[in-house]
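For reference, the structure discussed in these notes is given below.
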There are 2 protein chains.
Amino acid sequence: MTTAQIKDVLALATARLAPAGEYIFDEGAEAASFHLLLDGHIQVERLNAEGDRVISLHIPPGQLFGIAKALGRTTYPASAVAAVDCVVLSWPMSQWSEFADRYDGFATETYSVIGARMAEMHNRIMELATQRVEQRIACALLRLSEKHGRQVEGGTEIAFPITRKVLSEMTGSTLHTVSRLLSAWERDEIVKSKRKHIFVLDPSRLEQLAQ
Amino acid sequence: MTTAQIKDVLALATARLAPAGEYIFDEGAEAASFHLLLDGHIQVERLNAEGDRVISLHIPPGQLFGIAKALGRTTYPASAVAAVDCVVLSWPMSQWSEFADRYDGFATETYSVIGARMAEMHNRIMELATQRVEQRIACALLRLSEKHGRQVEGGTEIAFPITRKVLSEMTGSTLHTVSRLLSAWERDEIVKSKRKHIFVLDPSRLEQLAQ
DNA sequence: CGTGCCTTTGAGAAATATCAAAGCCTGTGG
DNA sequence: CCACAGGCTTTGATATTTCTCAAAGGCACG
């Protein structure tokens, strides 16, 4: 896009800070806006009928989200929570078709975001259907460290706070099982963890555990 | 679409019969064509690294499939097998952009197919992450009978042959567990089954089992 | 400096897979 | 027309994984 186009697009956006823990939008709500994450990390989640939370995705900075229109929907399929303090740009959904028509790259970008999310969900299904809890948690940690990692001395830190509970909700297990596994892996120096923070020290061993 | 438009579109299609069991395309293959299922049922599946098969979706007649281009991909993300004898229309993928530009309804239809598939995958993830095998199998049977059912006296028959093995690959369990559950449900007159064919007799009890 | 999450760990229970074996359809070829 | 082979199904016994229940310790923030 040209500088002039970017200026036009930004003129129509509203920017705001979403503090950690804030819900940007809720599952099932009327999809009034679509969003771009400038900084921070968004967690996409759903509740089932019994009230169990399942975390579907984590969104890194730079991605569009809440793009219900691109799925032929008028409501959001899941909720989006700020995992840390986030900077978010928002546009009214009414702007969607215009952007799609006017800017070629917009449609293309949308396709590939959707394609990538679909591929990720497909992988999650494969994991849940065929792997044991230990392997699924190893996979989840690898994915998090690759896509949301920050290099530190000796390893990679996951770039947002993450509890045992959250990891269990990402993998369809329980915080107790996650805690036991992380303790064992910490003894083997594969990972290290402080309260709410996890460091991957030895990705290759983790990959091995994930098979 | 107008009659003239339909004529144009059909002129570019090739129609063919895919006998039961035939692979229409394979996971990872170059996405050379996109398809429309006129009659029959398509099963979408993937293999994991260990060679376990996971069945992601079943596609009913009337739907587009193999629409890699709409996901910003050049290869198919999964394989498609004919679950019964199928009639399939195919177009070269190079035709895709033209159709999308020329026919308004085409893009809209694509969006909603993708939206629906994504929603279905999301539901599968929720089920796999939070429900026990028994509930997942009950859900799978309900979905199959609703979306691919054929009314018969006393109940609904699933419209294509389906083995215990296939059901287990749809739910991330084993054919043994599926067999035990179906036997129990047959004793309770919730389902009835012949070799490769399943009839849902009492959907409400099944719904109860699915919670 | 106390309260509320977060984490750890043990013991026992429950769900489900695995191993094993046998019976049963169905279509094929003699 | 019958017998056979191969895939589908059933069922029991056992093993394993993972959850549930329970309790206690620890860290951080107000």
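What you see below is based on every heavy atom in this structure, not just the backbone, and it leaves out hydrogens, waters and symmetry mates. Letters A, B, ... are given to chains in the order of the sequence lines, protein chains preceding strands, and every chain is numbered from 1.
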Residues, nucleotides or ligands: over 12 heavy atoms within 6.0 Å of A:Glu189 CD: no
Test side chain to side chain donor-acceptor pair (under 3.5 Å) applied to A:Asn48 and B:Thr130, step by step: CA-CA 8 Å; A:Asn48 73 358; B:Thr130 66; 3.0 Å; yes
Cationic N near anionic O, under 4.0 Å, A:Glu169 to A:Arg164: no
Salt bridge A:Glu157-A:Lys192, side-chain N to carboxylate O under 4.0 Å: no
All side-chain hydrogen bond (donor to acceptor under 3.5 Å, both in side chains) counterparts of B:Glu207, not counting sequence neighbours: none
For chain A, the stretch of DNA chain D it reaches, first to last nucleotide, under 4.0 Å of its heavy atoms: D:dT17 to D:dA28
Sidechain-backbone polar pair: A:Ser179 side chain, A:Leu175 backbone, donor-acceptor under 3.5 Å: no
Ring pair (Phe, Tyr, Trp, His ring centres under 6.0 Å) against A:Tyr76, all qualifying residues, sequence neighbours excluded: A:Phe25
Salt bridge A:Glu30-A:Arg73, side-chain N to carboxylate O under 4.0 Å: no
Enumerate donor-acceptor pairs with a distance under 3.5 Å from any side-chain N or O in residues 85-95 of chain B to protein atoms, sequence neighbours excluded.
residue, atom, partner, partner atom, Å
B:Asp85, OD1, B:Ala20, N, 2.7
B:Ser90, OG, B:His35, ND1, 2.8
B:Trp91, NE1, B:Val9, O, 3.0

Presence of salt bridge, B:Glu127 and B:Arg136, under 4.0 angstrom: no
Angle between terminal axes - the helix from C:dC1-D:dG30 to C:dG30-D:dC1, 5 pairs each end, rounded to 10°: 30°
Nucleotide-resolved protein contact map, nucleotides 2-9 of chain C, B/S/- at heavy-atom distance under 4.0 Å: ---BSBBB
